[in-house]
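To start, the structure under review is shown below, and the notes come after it.
In the text below, chain A, chain B and the rest are named by the order of the sequence lines, each starting its count at 1.
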Protein chains: 4
Amino acid sequence: MTNPLDTTSDHRPGGGYTARVRVQVRAELAERGYEGLTTEGVATRAEVHRAMVYRCWRDAGGLLIDVIDAAGEIDWQPPNTGLLRGNLTALNQEIQESPVVRPSLAVALMAASFHSERTARAQTRLWADWYARCEILVERAVGCGGLDARHTDARSLLIAATAPLHHQLVLLRADPDPRLPKRAAETAVLAAAAGAFTVHREESV
Amino acid sequence: MTNPLDTTSDHRPGGGYTARVRVQVRAELAERGYEGLTTEGVATRAEVHRAMVYRCWRDAGGLLIDVIDAAGEIDWQPPNTGLLRGNLTALNQEIQESPVVRPSLAVALMAASFHSERTARAQTRLWADWYARCEILVERAVGCGGLDARHTDARSLLIAATAPLHHQLVLLRADPDPRLPKRAAETAVLAAAAGAFTVHREESV
Amino acid sequence: MTNPLDTTSDHRPGGGYTARVRVQVRAELAERGYEGLTTEGVATRAEVHRAMVYRCWRDAGGLLIDVIDAAGEIDWQPPNTGLLRGNLTALNQEIQESPVVRPSLAVALMAASFHSERTARAQTRLWADWYARCEILVERAVGCGGLDARHTDARSLLIAATAPLHHQLVLLRADPDPRLPKRAAETAVLAAAAGAFTVHREESV
Amino acid sequence: MTNPLDTTSDHRPGGGYTARVRVQVRAELAERGYEGLTTEGVATRAEVHRAMVYRCWRDAGGLLIDVIDAAGEIDWQPPNTGLLRGNLTALNQEIQESPVVRPSLAVALMAASFHSERTARAQTRLWADWYARCEILVERAVGCGGLDARHTDARSLLIAATAPLHHQLVLLRADPDPRLPKRAAETAVLAAAAGAFTVHREESV
DNA sequence: GTTTAAGCGAGACGGTACGTCTTGTCTTGGC
DNA sequence: GCCAAGACAAGACGTACCGTCTCGCTTAAAC
């Protein structure tokens with residue numbers, strides 16, 4: 001975050017090296033993976049003195065948090081190609097394609113999130129933001145009559161639709177299955193049609 | 001365990017220290033997390049010389065692989081309490097309870113799986129084994145008429161049922177939701193009833 | 001003190017902080033010894049910004065020189081209790097008592113004098129001043145008939161009388177010997193009586 | 001000390017680098033003075049990894065102690081040219097000549113001795129050893145009738161004879177005076193002849 | 001009476017050295 | 001031959017200082 005209110009970092013001044021460092025952190029993560037990330041490497045690549053990195057990001061964890069947070073700031077929007085089914089499929093395809101290069105930034109960020117409590121929280125923020133952005137897909141579908149008029153738990157639907165993808169790619173580390181994005185989307189839509197994500201009054205108590 | 005599949009270790013002689021070391025690796029992982037694991041720490045706790053660890057497990061990755069593999073060798077069986085829905089719920093509850101303490105062994109193993117290609121493969125083996133064991137749940141349900149007689153893709157059903165749990169706990173690092181195990185199980189069963197996991201001929205083309 | 005001899009400082013304006021800083025330098029030296037002296041510590045204690053210290057004293061060496069020079073400006077006079085023997089003994093006693101606490105300012109100043117050529121010169125100035133002040137002791141003795149009427153090299157006599165003290169305390173770092181001040185004084189007086197410090201014509205050739 | 005009993009250092013193995021490192025410490029001290037000594041510089045010059053230096057000498061202080069101690073192990077003997085007066089003069093001349101190069105090892109060792117308690121003790125040991133070796137000069141003189149037959153405090157005599165030299169060179173940092181060695185020796189001998197260093201019974205109580 | 005320069009607080013910045021901690025290899029010597 | 005012991009090379013880590021610099025604010029003197 002270039003955001004000066006950022007409570008994560010300690011001082012992060014206006015110096016032009018901030019962006020430069022961030023780029024190099026991402027590069028190192030993508031090239032060498034989380035464990036290959038070193039303050040030394042980043043500093044050298046960014047042509048900044050190692051001490052500077054410590055001053056501004058405190059330690060290796062700070063770099064990670066910064067990059068994870070920065071990942072949430074790109075102006076991404078979920079696909080909007082029409083129907084819910086298609087949108088979820090497209091979403092899944094995006095997920096599937098992103099970490100196709102090994103080691104990828106996406107996987108490295110996952111690994112990084114295990115580094116410390118703070119990186120874990122950053123990762124949690126990132127996911128929360130991502131799901132918040134995706135909820136519009138579900139809301140659109142409800143509005144267009146694609147779903148039961150009763151209130152649907154968008155977050156659960158989205159998780160049902162996308163979790164299998166993340167599961168396969170990140171946890172199982174299986175090779176991508178080209179049919180999985182569509183299948184998982186359809187499964188979620190079927191379940192939704194069957195009322196699986198309907199919010200009952202008494203449950204919300 | 002002198003696991004015959006284990007291509008990692010160079011020799012693993014009869015010394016009684018093998019089990020001792022494994023126990024300590026697990027203890028260190030559970031206590032200090034993946035990043036806190038050091039050969040020194042393990043060796044000291046196991047009262048073995050550090051060189052011994054390198055001789056037998058080659059390097060830190062070897063220790064991790066060994067422990068991940070060992071995790072797949074315990075004689076675990078999925079719950080069998082009756083109906084598919086109940087079984088899946090029970091399964092999810094087990095998942096939810098395991099990593100409740102932070103840092104836990106389960107989470108540490110996840111983190112460890114990002115260490116290298118080899119630990120990733122060990123983790124993949126572990127998941128494969130786990131799903132294989134769980135497939136019996138689905139097969140029983142099909143056999144008992146709980147599901148459509150047409151062939152059901154057990155693996156997909158299981159992933160649909162459990163992925164949301166792993167997603168919440170491991171990736172989102174959210175606080176456990178006591179209702180989630182049941183909900184995710186029900187969602188998967190609803191989807192299954194709607195034919196989401198039915199294998200069609202044309203799909204295999 | 002805006003010492004006119006001081007070639008060190010670039011400017012030393014009227015701000016009241018000059019004295020404050022000097023006091024803190026002395027305090028730091030006495031408390032933490034020469035190696036423990038930092039511009040940061042001094043600045044903080046003196047409630048002055050670190051940059052101010054650099055502006056006015058140029059660098060750490062400047063602080064040291066300043067303090068060494070300031071040590072020569074206190075209005076000290078050698079003891080005058082009567083006879084040469086007694087005066088020298090009293091002088092030695094003063095020497096012996098000053099650095100009795102370790103680490104002391106006196107020892108820290110000695111250490112500081114090794115810092116650079118410039119601090120060494122400041123230290124030399126300090127000694128020169130000290131001996132100049134002490135020469136009165138010898139001159140009085142000559143005048144009062146306590147010594148041979150021929151001209152006596154006061155400086156040599158003083159060094160002979162006090163060097164053993166400094167040697168023991170500063171170089172040998174031995175524990176103070178309560179009898180040493182008197183003994184060293186007597187030795188010097190005996191040598192003086194034997195003509196050891198008499199200046200002969202032929203020697204000046 | 002190559003002495004394996006050495007309680008100063010922590011392990012100091014048989015590796016051939018020990019001597020190499022010591023040589024480089026001395027070289028650095030002589031070239032750059034005490035403050036210019038860095039573990040980094042020494043390690044690089046000795047072609048040893050920096051970590052090795054820390055392993056074997058613990059820290060910068062360890063290096064200093066080692067070198068100070070080593071300085072006491074060279075097989076030096078005081079001059080023996082005949083009479084006490086001449087011997088003391090020769091001794092003083094040796095002192096005067098040693099630190100003639102600035103910065104010299106001798107001065108650097110002095111500065112180093114202020115580094116810590118431990119280096120100070122090493123320096124004290126060095127002086128004690130040096131005086132012990134020099135006492136033979138006085139004993140010879142007493143034996144040959146050069147001095148009063150009553151017992152003479154050799155150490156005090158030696159200090160009286162040499163302290164002015166050290167004082168001038170190390171503390172006052174004055175330029176060497178070519179006549180000083182002889183003068184200081186004569187002064188001490190005169191004082192001795194006058195009974196300045198005679199040990200009285202009651203004093204030794 | 002402004003304005004303008006110095007004094008000074010604040011802190012970013014580049015840089016050196018420190019001492020610690022791991023990792024993984026290799027050698028030596030006892031059983 | 002197993003293995004305890006530990007030396008060794010390598011390199012990252014995070015900290016503490018150092019000394020330089022550029023901003024701005026304020027305040028006293030110059031115009």
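Between dC17(F), dT20(E), dG9(E), one nucleotide has an atom nearer to the side chain of Val48(C) than all others, and that is dG9(E). Side-chain proximity of Asp59(A) to the nucleotides dG14(F), dC18(E), dA5(F) is greatest for dG14(F). Of the candidate nucleotides dG6(F), dA12(F), dG11(F), dA12(F) has the atom lying nearest to any side-chain atom of Glu40(A).
If you take CE of Met52(A) and C1' of dG19(F), they are 15 Å apart, rounded to a whole angstrom. The nearest whole Å value for the distance from the CD atom in Glu47(B) to the P atom in dA4(F) is 11 Å. Protein atom CH2 of Trp57(C) is 16 Å distant from nucleotide atom P of dT20(F), rounded to whole Å. As rounded to whole Å, 13 Å separates atom C1' of dC18(E) from atom CG of Leu63(D). Straight-line distance from the NE2 atom of His115(B) to the C1' atom of dT22(E): 13 Å, rounded to whole Å. Atom CZ in Arg58(D) sits roughly 11 Å away from atom P in dC21(E) (whole-Å rounding). One can place OH of Tyr54(A) at 13 Å from P of dA16(F), the figure rounded to the nearest angstrom. Atom CZ of Arg50(A) is separated from atom P of dC13(E) by 18 Å (rounded to the nearest Å).
Contacts of Ala60(A) with the nucleic acid, taken as non-hydrogen atoms under 4.0 Å apart, involve only primed sugar atoms and P, OP1 or OP2.
Thr18(A) has its side chain within reach of Arg22(A): a pair of non-hydrogen atoms, C-beta onward, lies under 4.5 Å apart. Between Val67(B) and Leu109(B) the shortest side-chain heavy-atom distance falls below 4.5 Å.
The residue among Gly61(A) and His49(D) whose nearest nucleotide of DNA chain F lies closer to the 5′ end is His49(D). Summary of the strand contacts: Gly41(C) and Thr39(A) both lie near DNA chain F, and taking for each the nucleotide with the nearest heavy atom, the more 5' one is attributed to Thr39(A).
Taking CG of Leu37(A) as the reference point, atom CG of Leu29(A) lies at 5.0 Å (rounded to 0.5 Å).
Below the 3.5 angstrom threshold, one finds a donor paired with an acceptor across the side chain of Arg55(C) and the base of dG9(E).
Salt-bridge formation is detected for the pair Glu28(D)/Arg45(D): a Lys NZ or Arg NE/NH1/NH2 atom is positioned less than 4.0 Å from an Asp or Glu carboxylate oxygen.
Here Tyr17(B) reaches the OP1 or OP2 of dC3(F): one of its side-chain N or O atoms lies under 4.0 Å away. OP1 and OP2 of dA12(F) both lie 4.0 Å or more from every side-chain N or O belonging to Thr38(A).
Relative to the ring axis of Phe114(D), Arg173(C) places its NZ or CZ within 45° and under 6.0 Å from the centre.
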